Structures are given as C-alpha cells and as structure tokens.
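Worksheet: the structure to be examined is printed underneath.
Since the model is a prediction, treat every value here as computed from it, not as a measurement.
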Amino acid sequence: KEEWNQTVQKFSKSVPSSGKIKLDVGGKSFSTSVETLTSRMGSFFDIMFSGRFPLKKEEDGSIFIDRNPKHFGYILDFLRGSFPPLENIPKLTIDELKIEAEFYQLNDLVLLLLNESGSSNSVGSPSSSTSTLSE
C-alpha cells in the first residue's frame, strides 16, 4: 500500500473526471475512458480520479504510471467488463497479473486469479463476457 500511496501522491495537476484519457504505462501508450478506469470502487484508479489528489499530465497530455505495461491490456479488459477465460492464459502470466491486480487494488480480479487453481474460470467481470485482448 505504501508504494501505491507514493505513486498516487506523485501527481500534481488535475485531470478530467470523465471522458477519454491517455495513459503512459511504463512507456507504452493506452487510451481508455475515466469511466472505465473508475468502474471498480476503491481501486487505484477510482482513488486517483476521485479529486482527492492532484494529478500531473505529461507534456503530451498523458498520465504516466511507472509500471511494467506487459499485462496492462488485461487490466483494462477487466475494467471494461470483458476478460478472457483464465484457462487460455499461461500460469506465469496469471501470477504476474495477480501482482499487477494487487498494485491497482482490483480485489475482485485478485480473487479471481487466486481461485484460478481451483474451479471454472471463465468469469471475471460483471458481464461474464470474453474478448480478445487488444493493445
């Protein structure tokens, strides 16, 4: 949690509370909406865009997040309400994704990934739909 608090507090300029947003995650660009990012109450993004912390935009208008972008597409797909069946995801990727889900405080995704070893695993979002990941 300390790492998360430090990351959130690094930002120093406000950003919109709705609409399209560009994220720079570890040097890779991602576009989404603030509504998608804030769809999980209590998550890193929900708190980031709550207005309680000032945020800094980079020169190109993006918000920089100093994390490895390798699995961020999965994070966005989960927030968008579509997540691929876990049986299609390699175990190493699931383990790495769990670390990212913990960082972003996506507790329902963490639980889904923890339960992967046991039961049926094609659900991961409120809509229970699946999609192809896009970056």
Going through the distances and angles, do Lys22 and Asp60 end up as a salt bridge (charged side-chain N to carboxylate O under 4.0 Å, His left out)? CA-CA 9 Å; Lys22 182 178 169 187; Asp60 66 356; 3.5 Å; yes

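When side chains are defined from C-beta on, Leu86 does not count as touching Asn115, because their heavy atoms never get closer than 4.5 Å. Looking at Phe45 and Leu79, their side chains come closer than 4.5 Å, going by heavy atoms from C-beta outward. Side chains of Asp108 and Arg40 form a contact here, defined as non-hydrogen atoms less than 4.5 Å apart. Contact annotation: the side chain of Phe49 approaches that of Ile63 to within less than 4.5 Å [non-hydrogen atoms, C-beta and beyond]. Inter-residue side-chain proximity for Tyr74 and Ile89 is flagged as met; some heavy-atom pair is nearer than 4.5 Å. Counting only heavy atoms from C-beta outward, the side chains of Val25 and Asp66 never approach each other to under 4.5 Å. Residues Leu97 and Phe78 have side chains not in contact (no heavy-atom distance under 4.5 Å, counting atoms from C-beta outward). For the pair Leu109 and Phe83, the minimum side-chain heavy-atom distance is below 4.5 Å.
The shortest non-hydrogen separation linking Leu37 to Ser43 is O-OG, 4.0 Å. Here the shortest heavy-atom pairing between Gln105 and Phe44 reads CB-N, 4.0 Å.
Because its NZ or CZ atom is both nearer than 6.0 Å to the ring centre of Phe103 and within 45° of the ring axis, Arg67 counts as a cation-pi partner of that residue.
Using a 3.5 Å distance cut-off with no hydrogens or angles, the side chains of Ser82 and Arg80 do not pair a donor with an acceptor. Side-chain contact check for Glu96 and His71: at least one donor-acceptor pair (N or O, by modelled atom type) lies under 3.5 Å. Side-chain atoms of Thr36 and Ser33 include a donor-acceptor pair closer than 3.5 Å.
Leu23 contributes atom CG, which lies 8.0 Å from atom OG of Ser31 (distance to the nearest 0.5 angstrom). Going from atom CG of Leu113 over to atom CD of Glu100 covers 11.5 Å, rounded to the nearest 0.5 Å.
In summary, Lys28 and Asp24 do not engage in a salt bridge, as defined by a charged side-chain N under 4.0 Å from a carboxylate O.
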